[in-house]
Structures are given as structure tokens and as C-alpha cells.
Protein chains: 2
Amino acid sequence: MRLVIAKCTVDYSGRLDAHLPQAVRLLMIKADGCVAIHADGGAYKPLNWMNAPNLFRESGEGSELTWIVTNDKSEKLTIQLHEVLSDSSHEMGSDPGLEKDGVEAHLQELLAANVEQISAGMVLVRREYPTNIGPVDLLCRDQNGQAVAVEIKRRGEIDGVEQLSRYLEFLNRDSNLKPVTGIYAAQEIKPQARVLAEDRGIECLILDYDELRGIESNELKLF
Amino acid sequence: MRLVIAKCTVDYSGRLDAHLPQAVRLLMIKADGCVAIHADGGAYKPLNWMNAPNLFRESGEGSELTWIVTNDKSEKLTIQLHEVLSDSSHEMGSDPGLEKDGVEAHLQELLAANVEQISAGMVLVRREYPTNIGPVDLLCRDQNGQAVAVEIKRRGEIDGVEQLSRYLEFLNRDSNLKPVTGIYAAQEIKPQARVLAEDRGIECLILDYDELRGIESNELKLF
DNA sequence: CTGTTCATCTCGTAA
DNA sequence: TTACGAGGTGAACAG
């Protein structure tokens, strides 16, 4: 990894056009060739960047170096270096990578194992119940034996309501299931999504991840 | 900005849990306190990070330093530094920031100012016309006085068609507007999006950004 | 290889 | 402050 601190101006042209006025910034060039330009503030996202694979060309000399980075999608990043304050390279080797735990898939597992938390007497028919337009997260039957399709999201936005509506439309064509009602379950449901869901007769359910995890661990303790 | 190259292990706990095994990485600490951990490859996104504002604590000594970064949302980033290979700081001053050109807002402005480019006699009612499920980009009336809802995208994909369909559904409940037709306008419309749009009776319109900008500047020249 | 969905999304902006 | 939608979204996964 090469790290350069320099007073520079930058122009990007590609999916949009962008320009950075002259200032001191960090230019980061990784081993795979990708380039990132960071200011000393803001979040982790660089001001400008160019992903690998790309072509890096250096031209000019002295106090007016120019870096031009291009790729095969006709994107172009032009960096004018007016003054280089630091330039260093570091050997780092390959990275073993990140291990994650606690994302959305876990939520579906937890709820599938505890469908009676949705309403008393609810029974799971199956997870990822297939339809022609994709699988529904959960298909259940309530205490009266009526089919219920459940769509689970971490954050319930309007797209998820559309998705569930489409599933219901298809499920209701199956005379063995009809009539099928819908439940939209999420840790958080946005107001607009709620409006649309209720407009379509879909029930909204707020999930408590910690509570579900608590129930799970309590049940495990019983055995 | 402080840049440290070190052999380290990292643990993050907060919105999820994540762990990084021991390896040499770049640790970046910006002036506003945010911390990012980069490997020498992958894209511009760091492996782990912690945004400002946060609390940074350094403890231990010699070859076993520990950095603990916490914030008020009970997120915690723990960095064990097993070997520091480089540690430097750089004064960079504030950044004038990025100037962008060619994003969706520009397209909407340009088209709003030139609605007769959509079709002859078209008149703008208002931009960001509100509905219960969000604002429509443009509401217009055509030469016959019939209401037309326009959804503008830079890249026209299928979810934009869904979005416009929802707006039309709600707008058509308003007896002052009914019947409302839809136009899906984008610089580029994906084949699947076009099929769905036409299936729903929504007209597709390809926008030429340069052309719209040209019309705009020509009109300016007239005055 | 495209298409779809998730993300510690980030980021801006308007109510 | 919160809600909402765009993003040079990126990244992972399924078909």
C-alpha cells in the first residue's frame, strides 16, 4: 500500500462529473491498484476513488505531477499533485478477512422457530415457501387453519410491502391456500410502508430481536 | 490525520458482531476522531470503522497496545496492536468539499423547466407533488388538460416502475386529478423495466442530459 | 454471466 | 431531530 499526502486537485468523470478544489489530502493506492482520496474528516467513505481493475499512469515532474486513472467503463480520475508532503509504501500481505454475526438471516431463523410469537396458535408450514415469483419468508397457518404469509425484514420499507403483495397475489391463486392473508414483520417499520401495508390489508408486526433471542435461549435451557 | 501501520486484531460489537484475525493493516484516524481499518486490497470500504463522534482510549504498552473506541450508541471497536510498523501524523486543514454535477436532482430541475420537451403543450403543475406514500417527481397536465405523473431516474430500473405505479394508484383516487397517466423518464431504461412499464400502460421516455442542458442554455441566451 | 437483495449501508435534504 | 430517497451505491449470493 502506497500512502501519499499531497496538496492536490481532483477531477472525476464517469457515472457523473465531480471536482475537488485544491487542498491537502491523503491518496491511498492499494496493492490491487484501487485508488482512494481521503480528506481529514467525514466518514470512512473517500471523496473520490477508482476501484480495481484500472490503469494508473503518472506523468509530469517536480511540483506538477499528474496521475490519471482510467478503467474500461470509460471512467477517468485525474489527480493534479501540486505539492507532495509525504510518500511511503508498506508491505502488508493478504488479509484473512472479516467474520460477521447477527445479520438478517438470523432474524428469519429466530422467527421461524417461534411462530407462536406472531399470534397464539400459529403453526409454521415452511420457511422459504416457493411461488412462481420467488420464495415467501414464512408460510404459516393460524389457529383457525387459515394460511398466513409472513415477510421478514430488518428495516421495513415500502419495497417489502410490494414484495409481500406480489406473493399474496400468487398464493391466492392456489385454491388449497386461499384465502391467504399477509403479515409484514420487521424490527422497525417506516410510516409510509405502514400506510401502504394497511391500505392493502396487510398486518404490521414489530419484531424484538433481543426478545426473540431471549425466548430461544430460554427454550434451550428447558432441555 | 494519524496513519498507523500495524499487525493487529480487531473486534467490533454494536449493530452486529465482527472479528478480524491478526494481520498487518492500515489504521486511519481522522481529525474528527473517526477511525477506519484498511486492508491492502478490496474496495475503498474499510474492514472495520467507527464514525465520529466517539471516545478513543489507548492503553497498554510496548508490543501490546490496545485501542478502544466507543460511542453513545453502545458500539465498541477494540483494536489490539501486536506490532507497530509505522506511526505518522499529518496536518491537512479543512477540505473545501466535493462538487458534483449530473445527479438526479439536476435532471429533475432541467426537465421541470422544460416540460414541453416531454410532449407539446405539457404544463407543470408542481415538482415533488405530495401523496400519502411520498412525493411524485413531477405532476403535469398535457395539452388536453389531463393529469400526468412523471417519475425521473438517472438509471431506470424496475423498482422505479413500481414506485410510479403506486403513485398512480393513489393519485387516481383523487377525483380532481383522475384519470392520471404515467411517464417514466430516465437517461437509460433497463429492458425489464421497459417491459413492466409498458405492461402497466406507462410511457417510457429517454432523457438526454446534454440536450436538456443545451436547451436550457439556449433559452438563457434569448434573454 | 445477470439479477436481486442486504448493508455497522453513507449521505444529503426537507419537513 | 427524524424520515426519506439517491448513490459513481458496494458486496454477496442465487439462478
Side-chain angles (χ1 to χ4, degrees), chain A residues 10-18 34-37 42-52 54 69 71 73-77 97-98 100-108 128 130 133-135 137 151-160 162-163 186 188-195, chain B residues 10-19 34-37 42-52 54 69 71 73-77 97-98 100-108 127-128 130-131 133-137 151-155 157-160 162-163 186-187 190-193:
Chain A
V10 184
D11 282 280
Y12 165 78
S13 144
R15 285 182 272 193
L16 53 64
D17 295 292
C34 72
V35 180
I37 300 157
Y44 66 71
K45 192 177 179 178
L47 296 163
N48 277 110
W49 68 93
M50 191 73 113
N51 285 341
N54 62 43
V69 194
N71 68 12
K73 284 171 284 187
S74 37
E75 291 181 289
K76 183 178 183 182
L77 188 67
L98 187 66
K100 290 184 183 186
D101 178 35
V103 288
E104 173 178 324
H106 296 221
L107 201 58
Q108 196 192 115
E128 303 287 347
I133 51 166
D137 286 342
E151 178 67 31
I152 303 166
K153 293 281 179 210
R154 207 162 58 81
R155 291 165 50 203
E157 305 196 16
I158 212 157
D159 292 12
E162 293 284 12
Q163 207 177 333
E188 174 199 3
I189 293 179
K190 295 292 168 70
Q192 292 194 354
R194 184 178 289 275
V195 168
Chain B
V10 183
D11 281 281
Y12 164 79
S13 140
R15 286 179 274 188
L16 55 64
D17 295 293
H19 173 72
C34 71
V35 180
I37 299 155
Y44 64 72
K45 191 177 178 178
L47 296 163
N48 278 110
W49 67 92
M50 189 75 113
N51 284 342
N54 61 43
V69 193
N71 68 11
K73 285 170 283 187
S74 34
E75 291 180 290
K76 184 179 182 180
L77 187 67
L98 188 65
K100 289 185 183 183
D101 182 33
V103 289
E104 180 186 313
H106 295 228
L107 275 178
Q108 195 191 115
R127 283 174 59 187
E128 303 288 345
T131 77
I133 52 164
V136 188
D137 286 341
E151 180 64 31
I152 302 167
K153 292 283 180 208
R154 206 163 54 80
R155 290 162 46 201
E157 304 195 14
I158 210 158
D159 58 339
E162 295 284 12
Q163 202 178 335
Q187 285 182 286
K190 294 287 169 73
Q192 290 197 352

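All chains are named by letter (A, B, ...) in the order of the sequence lines, taking the proteins before the strands, and each is independently numbered beginning at 1. Only this structure's heavy atoms are used, side chains among them; waters, hydrogens and symmetry mates stay out.
- Residue B/Ile37 comes nearest to B/Pro46 through the heavy atom pair O-CB, 3.3 Å, listed as atom of the first residue, atom of the second, then distance.
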Begin from the C-alpha positions of B/Asp101 and B/His106 and carry the test side chain to side chain contact (heavy atoms under 4.5 Å, CB included) through to its verdict. CA-CA 8 Å; B/Asp101 182 33; B/His106 295 228; 3.2 Å; yes

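- Across the protein-nucleic acid pair, A/Arg194 atom CZ and D/dC4 atom C1' stand 16 Å apart, rounded to whole Å.
- Of the candidates B/Glu157, B/Arg155, B/Glu151, B/Lys153 forms a side chain to side chain contact (heavy atoms under 4.5 Å, CB included) with just one, namely B/Glu151.
- To the nearest whole angstrom, the two P atoms, one in D/dC4 and one in C/dT8, are 22 Å apart.
- One atom, CD of B/Gln108, and another, P of D/dG7, lie 11 Å apart when rounded to the nearest Å.
- No side-chain heavy atom of A/Leu77 sits under 4.5 Å from any side-chain heavy atom of A/Asn54.
- In this structure, A/Pro191 reaches the sugar-phosphate backbone alone: every heavy-atom distance under 4.0 Å involves primed, P, OP1 or OP2 atoms, never a base.
- In this structure, CD of A/Gln192 is placed 13 Å from C1' of D/dT2, rounded to the nearest angstrom.
- Atom CG in B/Leu107 sits roughly 13 Å away from atom P in D/dG8 (whole-Å rounding).
- Separating the C1' atom of C/dC6 from that of D/dG7 is a span of 15 Å, rounded to the nearest Å.
- In this structure, CG of B/Asp137 is placed 15 Å from C1' of C/dA14, rounded to the nearest angstrom.
- Once rounded to the nearest 0.5 Å, the distance linking NZ of A/Lys76 with CG of A/Asp17 reads 11.5 Å.
- Side-chain contact between B/Glu128 and B/Gln108 is present, with heavy atoms from C-beta onward closer than 4.5 Å.
- When the P atom of D/dA6 is taken as reference, atom CD of B/Gln187 falls 14 Å away, rounded to whole Å.
- A straight line from CG of A/Asp159 to P of D/dG5 spans 9 Å, rounded to a whole angstrom.
- When the C1' atom is compared between C/dA14 and D/dG8, the two are found 24 Å apart, to the nearest whole Å.
- Between B/Cys34 and B/Ala52, the shortest heavy-atom contact is CB-N, 3.5 Å.
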Can you give one letter per nucleotide of nucleotides 5-11 of chain C, going 5' to 3': B for a protein heavy atom under 4.0 Å from the base, S for sugar-phosphate only, - for none? SSSBSSS

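- The separation between B/Glu157 atom CD and C/dT2 atom P is 14 Å, rounded to whole Å.
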